[in-house]
There are 2 protein chains.
Amino acid sequence: MPETQFTAAQLAVPPRTSSIRSPRPVVRSRIVGENHTLLYEGGRNRSLYRVVDGCVVLSQLLDDGRRQITDVLGPGRLFGFTVDGRNIATAETLSVARIEPLGDADLNADDPAIARELKATLHRMQAHATLLGRKTASEKVASALVELARLFNRAARNGAPARLSFHLHLTRADLADWLGLTVETVSRCLNRFKREGLIDFSHPKTMRVLDPERLDATAGFSRQRANDAARP
Amino acid sequence: MPETQFTAAQLAVPPRTSSIRSPRPVVRSRIVGENHTLLYEGGRNRSLYRVVDGCVVLSQLLDDGRRQITDVLGPGRLFGFTVDGRNIATAETLSVARIEPLGDADLNADDPAIARELKATLHRMQAHATLLGRKTASEKVASALVELARLFNRAARNGAPARLSFHLHLTRADLADWLGLTVETVSRCLNRFKREGLIDFSHPKTMRVLDPERLDATAGFSRQRANDAARP
DNA sequence: CGTCTACTTGACACGCATCAAAATTGGTGG
DNA sequence: CCACCAATTTTGATGCGTGTCAAGTAGACG
């Protein structure tokens, strides 16, 4: 996995003093890296971040290189939570991303906004566990598309009802590592969906949902939604 | 103290047959149910609980009955977190369990202990996502045994280094739903481990670890541990 | 225009699911 | 204590979905 390493200077953690609640003196949001910039590894980092723009993924590795992407974060989401002062996972950006440091992760423990974010994350993780453990390859890929369309749908700004076109920040390999599949299976599913008229893409990263209802159905979302709270 | 709102209607929908107790005007800690007592369903409940004794599992259902157990909770763990006032998952006890209501889930949002618990839960969920997405059946079952041995190891009380014998609160079906496998595969793995001298059991629920190191190795824990923080 | 990486597509293999049935365990009542 | 029935667990035979291996195509970038 080709990932540009952060230099020591780049990895330097932001000032410990800043807190989420107190207004920060300077705008610290910054543009990070090109594709696949490693932000920190498990256990190495102590700051909380917010994704301002772009896409960040959290992952874990097994001995032999097997990788699991445990979460995909779009604009607004927080990451960098620690347990016993150590980071839970490895974080890296996909494509160009802007992230905003929020200060020491441990100091914010009692912020209600943090608790809310944690619970929302937990919620997503549970839905994803169900996907990983109990869904077929087609359902997994369809679910991922629905999820990513919601995260990265452009045209959410202007009044127009948003043609469901979005930038797939993830590569096929990333998708595979997120969904517990292989690159080939992901590719086959996407192309089958394309043949069947569910989605379309000319460029492999520019997705467009043609038939949202059938895609939702393929994802097997109906009951899970009732089971869940409203998906945020 | 919020009284737990069990109605016959709510309790009448368990995913599997279970004898259900009528609710008692709750005080503090109490003994709940026999096997498989449904505590609440997704979206129905608003209280936080702590597991005092026994075992509680959280799960989600798909349309067609496929079930995923998203977390297995032993003594000390909290559950009942809400997102937008709705519960994240369905909770049920396995075997006899004592749980302790802690009050309205929303009111505790800024308690640092709650944040810590949430982060620990998140941590476990991420490790489990890696298991679900990237481990083989043998690795999954071995991991489960290691995890459950840690949770339910008896003899933790007396000074003795504890023969690794513990009560498997989960049925084979529960294990399967936790690990994303089928009953048959779980059973085959357990019996293979038994033949190979990794574990032993005469009664299907009474497990004993004979060779902790090899079991750990089979679970594929080495690197993941480096990746993780110390496992709590 | 050549090279590199990501993606696609095909042929094949294998791990785990599925189906079926026997063995064991648990619970209940005599 | 034993007889009986339901549920759980085990075991075997077979098949399918997805992984693996391999080759080919398309963009990106010099």
Side-chain angles (χ1 to χ4, degrees), chain A residues 1-4 34-36 62 64-68 94-96 131-142 144 167-195 199-207 218 220, chain B residues 14-19 34-36 62 64-68 94-96 131-142 144 167-195 199-207 218 220:
Chain A
M1 193 58 52
E3 48 212 6
T4 27
E34 310 284 307
N35 291 354
H36 290 262
L62 254 33
D64 48 15
R66 283 176 288 178
R67 185 172 79 135
Q68 179 66 44
L94 308 181
S95 73
V96 179
L131 176 149
L132 287 169
R134 287 306 184 206
K135 287 190 174 182
T136 65
S138 297
E139 290 171 328
K140 287 178 178 180
V141 175
H167 183 74
L168 229 207
H169 290 275
L170 313 188
T171 65
R172 303 293 188 258
D174 293 327
L175 281 171
D177 285 342
W178 188 31
L179 303 174
L181 298 170
T182 61
V183 199
E184 294 91 332
T185 300
V186 169
S187 178
R188 275 186 253 268
C189 282
L190 287 174
N191 285 284
R192 182 151 41 79
F193 291 168
K194 187 178 176 182
R195 275 196 305 278
I199 61 174
D200 194 34
F201 57 97
S202 43
H203 182 94
K205 287 277 188 71
T206 310
M207 287 291 157
T218 308
Chain B
R16 51 182 73 233
T17 56
S18 59
S19 54
E34 311 284 308
N35 291 352
H36 290 266
L62 253 33
D64 47 15
R66 282 176 290 178
R67 185 172 79 134
Q68 178 66 44
L94 308 181
S95 73
V96 179
L131 176 148
L132 287 170
R134 287 304 183 209
K135 287 191 173 180
T136 65
S138 297
E139 291 172 327
K140 286 177 177 182
V141 175
H167 183 74
L168 230 207
H169 290 276
L170 313 188
T171 65
R172 304 294 188 257
D174 292 328
L175 281 170
D177 284 343
W178 189 30
L179 304 174
L181 298 169
T182 60
V183 200
E184 294 92 332
T185 301
V186 170
S187 178
R188 274 186 253 268
C189 283
L190 287 175
N191 285 284
R192 182 152 40 80
F193 291 167
K194 187 178 174 182
R195 274 197 305 279
I199 62 174
D200 193 33
F201 56 96
S202 44
H203 181 94
K205 288 276 187 70
T206 309
M207 286 291 157
T218 309

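Both backbone and side-chain heavy atoms feed into the values below; hydrogens, waters and symmetry mates do not. Below, read A as the first sequence line, B as the second, and so on, with proteins coming before strands; counting in each chain starts at 1.
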Discussion item. If I take atom CG from residue A:L179 and atom CD from residue A:E139, how far apart are they, to the nearest 0.5 angstrom?
Written reply: 12.0 Å
Worksheet item: Which value, rounded to the nearest 0.5 Å, describes the distance between A:L94 atom CG and A:T171 atom OG1?
Response: 7.5 Å
Practice prompt. Would you kindly give the CZ-to-C1' distance between B:R192 and D:dT10, to the nearest whole Å?
Written response: 14 Å
Fill in: Atom pair SG/CZ of B:C189 and B:R172 - distance to nearest 0.5 Å
11.5 Å
Practice prompt. Starting from P on C:dC7, measure out to CE on A:M207 and report it in whole angstrom.
Written response: 9 Å
Response to the item:
From CG of A:L190 across to P of C:dA6 the rounded distance in Å is 16 Å
Worksheet item: Per the side-chain contact (heavy atoms from CB on, under 4.5 Å) rule, which among A:T206, A:L168, A:N191 passes with A:F201?
Response: A:N191
Worksheet item: For A:K205 and C:dT5, what is the distance between atoms NZ and P respectively, to the nearest whole Å?
Response: 15 Å
Fill in: Stepwise side chain to side chain contact (heavy atoms under 4.5 Å, CB included) check, A:R66 with B:T136
CA-CA 11 Å; A:R66 283 176 288 178; B:T136 65; 4.3 Å; yes
Fill in: Whole-Å distance separating the CG atom of A:D177 from the P atom of C:dC7
12 Å
Practice prompt. In whole angstrom, give the distance that lies between atom CZ of A:F201 and atom C1' of C:dC7.
Written response: 9 Å
Fill in: Contact under 4.0 Å: B:N191 side-chain N or O vs D:dT11 OP1/OP2
yes
Worksheet item: What's the verdict on side chain to side chain contact (heavy atoms under 4.5 Å, CB included) for A:D177 and B:R134, showing C-alpha distance, side-chain angles and the deciding distance?
Response: CA-CA 8 Å; A:D177 285 342; B:R134 287 304 183 209; 2.8 Å; yes
Worksheet entry | Under 4.0 Å protein heavy-atom contact, by nucleotide of nucleotides 15-30 of chain D - B base, S sugar-phosphate only | ---SSBB------S--
Fill in: Rounded interatomic separation in angstrom, taking NZ from B:K140 and P from C:dC16
8 Å
Worksheet item: For A:L168 and C:dA6, what is the distance between atoms CG and P respectively, to the nearest whole Å?
Response: 15 Å
